[in-house]
Structure formats: C-alpha cells, structure tokens
There are 2 protein chains.
Amino acid sequence: MSETQPRRRGRPPGDGREAILEATGDLLRERGISRLTTREVAARAGVSEASVFYHYGDRAKLLQAAFDRGLAPLLAIAAQGEVAGADRHQVLERVGRGIERFLMEAMPILTAAQSDAELRDELAAMMSERDLGPHRGVSRVGDYLAAEQAAGRVRGDVDPHAVAASFVGTCVMRAFQATMHLPTRRLPPLSAVIDALDTMLEPPPG
Amino acid sequence: MSETQPRRRGRPPGDGREAILEATGDLLRERGISRLTTREVAARAGVSEASVFYHYGDRAKLLQAAFDRGLAPLLAIAAQGEVAGADRHQVLERVGRGIERFLMEAMPILTAAQSDAELRDELAAMMSERDLGPHRGVSRVGDYLAAEQAAGRVRGDVDPHAVAASFVGTCVMRAFQATMHLPTRRLPPLSAVIDALDTMLEPPPG
DNA sequence: GTCTATAGGTTGATAGAC
DNA sequence: GTCTATCAACCTATAGAC
C-alpha cells in the first residue's frame with residue numbers, strides 16, 4: 001500500500017500475489033466462476049499453479065480475496081457522505097451514474113456467488129452484517145429528497161424514499177441487464193427516467 | 001403432453017425423464033449450478049446416473065432443458081396481452097406483483113447462466129432473438145400509462161415509458177435482492193413505491 | 001517465493017447386461 | 001428404459017528441490 005520508493009512502471013518483479021488476484025478477477029468476469037480453475041488462474045497470471053496455493057491457501061480463499069476486491073466499489077459507495085448539490089436534476093444524474101458504475105463492477109461478483117449455495121450464503125451474511133445492499137443507495141437518495149422536500153423544493157405528498165427506490169431500482173435493472181450481456185438500448189435511457197421523476201417531484205405551483 | 005387416459009395420482013411409474021428435470025431445477029435453485037453434478041441429479045431423482053445421460057445426452061443439454069423450463073414464466077409474461085383495468089393503483093399493484101413473482105422464478109436461472117461464459121452468451125443470444133428482457137415489462141406498463149395519458153388520467157408532461165422503467169426497475173431490484181437471499185425488508189415495500197408513482201402521475205387539477 | 005512433478009479425488013460420459 | 005461397473009479427463013492440493 002505505502003511506498004517511500006518512487007514507483008516504477010509495470011508490475012514489480014516477483015509480485016505474483018497481485019498478478020494472481022488480478023487474473024482471478026479477470027477470469028471471473030470474462031469466463032465465469034465455473035471456468036475459473038486454479039490452472040487457468042496460474043496460466044494467466046504467468047506463475048505456476050503451486051504459487052496460487054502458496055499465496056492463498058486454497059481455491060475458496062482465493063475466491064474470497066477476489067470477492068473482497070470486487071466488492072470494494074460497493075463498500076466505497078456505502079462509505080460516501082451525504083448527497084447534495086444545487087440542481088436536483090444534476091444531482092440525480094451524478095448519483096445515478098455513480099450507482100450504475102459501481103454496480104457494473106460488483107454485479108459479476110454478486111451473480112458469481114449465486115452459483116454456489118455456500119458462497120451465496122456467506123456473501124449474504126457478510127452483506128447483512130455490514131448492512132450493505134441496494135437499500136443503502138435508496139437511503140442516500142431518499143434522505144436527499146427528504147431534505148429537498150423539507151426545503152419546499154419537492155412536493156410534500158409523496159414518500160421520498162419510495163421515489164428513491166424507484167430511481168435506484170432503475171439503475172439496478174440497467175446494470176443487471178448489462179452484466180448479462182443483453183443490450184440496454186431497448187430500455188429508456190437513465191436520463192429519461194431522471195427527467196420524468198424530476199418533473200413529477202416538482203411542487204405544484206401556488 | 002396430451003393424455004386420453006384418466007390421470008393417476010403421483011408420478012407415473014417409469015417417468016424418470018420428468019423426475020430428472022425436476023431434480024435439476026431444484027438443485028439449481030437450492031445449491032447453485034456449481035454444485036449441480038449429474039451424480040446429485042440422479043440421486044435426487046431416484047434414478048441411476050446413466051439414465052440422466054440416456055434421456056438428455058450430456059450435462060449441457062440437461063442444463064438447457066432446465067433453463068427452458070425455468071424461463072417459462074419469462075416467456076409467459078411476454079406473451080400476455082395488454083395491461084388494463086379501471087383503477088390505476090390496482091393495475092400497478094397487480095402487474096407489479098406479477099412481475100416480481102415471475103422474476104423470482106426466473107432469476108436463479110439468469111444468475112446461474114452468468115457462471116459460465118458459454119451459457120451466458122447462449123442465453124443472451126436466445127433472449128435477444130426473442131426480444132426478451134425487462135424492456136418487455138417496461139413496454140407493457142409504458143403502453144398502459146400512455147393510454148391513460150391519452151385519456152387524460154395521467155399528467156401529460158412526462159414520458160410514460162420512463163416512469164414504467166422506474167416501476168419495473170423497482171421490481172427487478174426487489175427480486176434480485178430476494179434471489180441473493182438478502183432481506184428485502186430494508187427496502188421500501190412495493191406498495192409504497194406504487195403509492196408515490198400513482199400520486200405523482202395524477203394530472204394537476206384544473 | 002517460485003518451480004516441477006505427482007498424488008488423490010471428483011466428474012462427465014460410455015459399455016453392456018437385463 | 002434402467003441398471004451396475006468402469007474409464008478417461010480434469011481439478012485441487014501437496015512434496016520437495018532450487
């Protein structure tokens with residue numbers, strides 16, 4: 001993590017550990033967890049298979065490490081502060097893109113875990129414990145809309161968190177579709193959804 | 001499929017083919033595709049492993065058959081007619097529950113396919129060819145809202161299909177969360193989202 | 001830390017009797 | 001159609017040299 005020496009270009013010689021983790025993540029996304037063998041990982045990382053086990057003990061621990069890294073964006077977005085900004089439309093645009101981007105990184109991990117009940121349950125336990133999940137995004141956006149509502153800039157007769165759920169849900173749907181390698185072009189663009197929600201959130205004149 | 005004889009109770013003797021397919025689906029949902037071995041399938045179906053290969057040729061074709069069956073609800077919802085009804089709130093409630101129910105059935109199949117690039121790409125090709133996906137639900141709900149808009153029962157300054165996307169997205173998010181065995185209780189209930197959208201869709205008085 | 005070589009176990013698939 | 005028995009391939013993991 002911390003280095004006093006100036007960084008050199010390329011991978012430091014002998015840093016097989018990092019190369020292995022990177023190869024694992026790449027294979028996980030490209031070929032899927034079923035095709036993820038320690039053989040393939042070693043080959044792509046340019047090391048021997050024994051090195052994989054030397055560094056990570058067994059396949060399960062290697063997967064765990066790859067999952068931890070792959071879910072980092074999910075932790076990052078959860079750790080972010082409050083949502084704020086002058087223009088509501090711009091705020092939703094920025095937050096929505098962020099959620100989609102984060103989900104696109106994490107989604108392959110989430111779906112990969114579904115291939116094995118043990119992995120799935122471990123992941124579910126971890127996420128429950130840390131209170132992770134889409135509801136975090138919903139809370140963040142919902143709190144923002146609630147503040148806007150309190151300031152009189154959002155109509156008072158709707159539940160801000162319910163609207164936030166529909167917004168985050170749109171992002172989840174789009175990310176899920178993209179992860180499955182299905183075209184998202186048949187879905188309304190995110191900006192259109194933001195336009196509609198933004199318009200409907202406007203307080204009635206008078 | 002068609003039988004002139006009166007049906008007997010229970011599984012007909014010697015219908016191993018059906019038992020195998022059922023066992024495959026069960027294992028797929030319960031333990032995940034990585035743990036789905038022909039051995040386990042045979043054991044749960046109460047037949048020998050050779051029977052599995054006799055009926056389905058190889059593991060890939062067995063999976064294909066299980067996928068076809070598991071995605072039937074997706075085909076069913078796509079084949080449904082137009083959405084209609086007197087009360088908009090009730091219509092959204094009914095359609096939303098339907099989408100959630102269908103997705104809860106199909107989601108394990110969709111995520112299972114992500115474990116193998118070959119399966120994933122085959123599924124994506126099949127869905128593209130048949131024009132399947134969340135956008136079908138979005139279209140159906142969007143067309144309904146557009147009709148309501150034309151009838152003056154939905155405000156005219158929003159894109160009905162964009163609102164429909166946010167609605168279907170909510171259902172996708174909830175189904176995805178449930179499939180991952182994460183609690184959906186931290187998300188706003190679907191009825192709250194319907195309430196909010198319904199309220200916001202109301203045309204301004206006057 | 002990294003390698004080669006290999007043990008040990010699991011899996012998909014086939015052969016042949018009934 | 002269903003079974004038992006078996007095989008070849010593959011995968012995880014370890015041993016031991018460098």
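Just so it is clear: chains get the letters A, B, ... in the order the sequence lines come, proteins before strands, and each one is counted from 1. What you are looking at is a predicted structure, and each value in this text was computed from that prediction instead of being measured.
- Residue-to-nucleotide proximity on DNA chain C shows that, of G46(A) and R39(A), the 5′-proximal contact is made by G46(A).
- Side-chain N/O atoms of T37(A) include none lying less than 4.0 angstrom from OP1 or OP2 on dC10(D).
- Protein atom NE2 of H55(A) is 16 Å distant from nucleotide atom C1' of dT14(D), rounded to whole Å.
- Here OG1 of T170(B) is found 6.5 Å from CG of L197(B). Values are rounded to the nearest 0.5 Å.
- If you check dT2(D), dT12(D), dC3(D) against the side chain of F53(A), the one that comes closest is dT12(D).
- One interatomic measurement links the two molecules: CD of E49(A) to C1' of dC10(D), which rounds to 11 Å at whole-angstrom precision.
- Residue whose closest nucleotide on DNA chain D sits further toward the 5' end, between A60(A) and A50(B): A50(B).
- Rounded to a whole Å, the NZ atom of K61(A) is 14 Å from the C1' atom of dT14(D).
- Within 4.0 Å of R59(A), counting heavy atoms only, lie sugar-phosphate atoms of the nucleic acid but no base atom.
- Q114(A) places a side-chain N or O within donor-acceptor distance of the main-chain N or O of L110(A), the cut-off being under 3.5 Å.
- The distance between atom OH of Y54(A) and atom P of dT14(D), rounded to the nearest whole Å, is 14 Å.
- Look at CD on E40(B): it is 12 Å from P on dT10(C), rounded to the nearest Å.
- A salt bridge links R97(B) and E93(B); the closest N-O separation between the charged side-chain nitrogens and carboxylate oxygens is under 4.0 Å.
- Atom CG in D58(B) sits roughly 9 Å away from atom C1' in dG12(C) (whole-Å rounding).
- Side chain of S48(A), nearest nucleotide from dT4(D), dT14(C), dT2(C): dT2(C).
- Across the protein-nucleic acid pair, E18(B) atom CD and dT2(D) atom P stand 12 Å apart, rounded to whole Å.
- Here the side chain of R174(B) pairs a donor or acceptor atom with the backbone of P188(B) at under 3.5 angstrom.
- T38(B) has a side-chain polar atom (N or O) that falls below the 4.0 Å cut-off from OP1 or OP2 of dG12(C).
- More than 12 heavy atoms of other residues, nucleotides or ligands shown are found within 6.0 angstrom of CD on E30(A).
- Note: CZ (R17(A)) to P (dG1(C)) measures 9 Å, nearest angstrom.
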